[in-house]
Amino acid sequence: MRIGELARRTGVSERMLRYYEQAGLLQPERKESGYRDYGAAQIQAAQRIRMLSAAGLKIETIRILLPCIMDNLPRFEPCREVRAALRYEVDKLDEKLHNLEESRKIVAGFLNDVEGVGCANRRSR
DNA sequence: ATTCTCACA
DNA sequence: TGTGAGGA
């Protein structure tokens with residue numbers, strides 16, 4: 001099947017399908033026309049990539065996890081790099097969570113400072 | 001009608 | 001990640 005059909009059947013945009021190819025996640029054949037030719041197995045792969053991408057994982061991590069997925073469920077085979085990759089992602093998320101908490105505190109503090117106080121600027125509320 | 005590559009107000 | 005150009 002060509003890129004358009006795969007895109008329709010997986011919900012992955014043609015744009016991203018091409019991007020995933022250059023990233024090495026998908027390797028469709030090429031017709032004489034130059035058009036990409038995806039096999040039935042590619043639709044499964046695309047759906048899985050979509051799932052992992054929705055989890056916010058970067059291409060590099062998806063590349064490691066993709067061949068270790070058993071079902072289309074969040075279930076992985078305990079491949080060597082899988083554990084490390086997931087560990088890394090979770091740690092990174094914890095870090096982002098922490099930064100957001102700090103940011104929230106600061107902004108909430110600003111809000112608290114202005115609440116109840118009149119604004120000196122003209123025509124502003 | 002579709003897809004391809006490349007580039008970015 | 002989207003979108004449009006210019007070509008096949």
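A note on names: the letters A, B, ... follow the listed sequences, proteins ahead of strands, and every chain is numbered from 1. Because the structure is a prediction, the values reported are computed rather than measured. Side chains included, hydrogens not; waters and symmetry mates left out as well; all remaining heavy atoms used.
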Do A/Arg63 side-chain atoms and A/Ala23 backbone N/O form a donor-acceptor pair below 3.5 Å?
yes
Minimum heavy-atom distance between A/Thr61 and A/Ala85, given as atom pair plus value:
CG2-CB, 4.2 Å
Looking at A/Glu102, I want to see if its CD is surrounded by more than 12 non-hydrogen atoms of other residues, nucleotides or ligands under 6.0 Å.
yes
So, A/Glu101 and A/Lys105, do they make that salt bridge, N to O below 4.0 Å?
no
Span of DNA chain B in contact with chain A (heavy atoms, under 4.0 Å):
B/dT2 to B/dT5
5' to 3', nucleotides 2-8 of chain C under a 4.0 Å protein heavy-atom cut-off (B base, S sugar-phosphate only, - none) gives BB----B
How does DNA chain B read in dot-bracket, base by base from 5' to 3', with Watson-Crick or G-U pairs under 3.5 Å and | used when the partner is on another strand?
.|.|||||.
As an exercise, state the distance from CZ of A/Arg48 to CD1 of A/Ile69, rounded to the nearest 0.5 Å.
5.5 Å
Counting only heavy atoms not in A/Lys92, do more than 12 sit closer than 6.0 Å to its NZ atom?
yes
Please check if atom CZ in A/Arg30 has more than 12 non-hydrogen atoms from other residues, nucleotides or ligands closer than 6.0 Å.
yes
I want to check something: taking the side chain as every heavy atom from C-beta on, are A/Lys58 and A/Glu89 in contact at a cut-off of under 4.5 Å?
yes
Determine whether A/Gln42 and A/Met1 satisfy the following criterion, side chain to side chain contact (heavy atoms under 4.5 Å, CB included), listing intermediate values before the conclusion.
CA-CA 10 Å; A/Gln42 305 285 58; A/Met1 75 187 90; 5.8 Å; no
Distance-only, no hydrogens or angles: does the A/Arg50 side chain make a donor-acceptor pair with backbone N or O of A/Thr10 under 3.5 Å?
yes
Indicate, with a heavy-atom threshold strictly under 4.0 Å, whether A/Arg18 touches base, sugar-phosphate, or nothing.
base
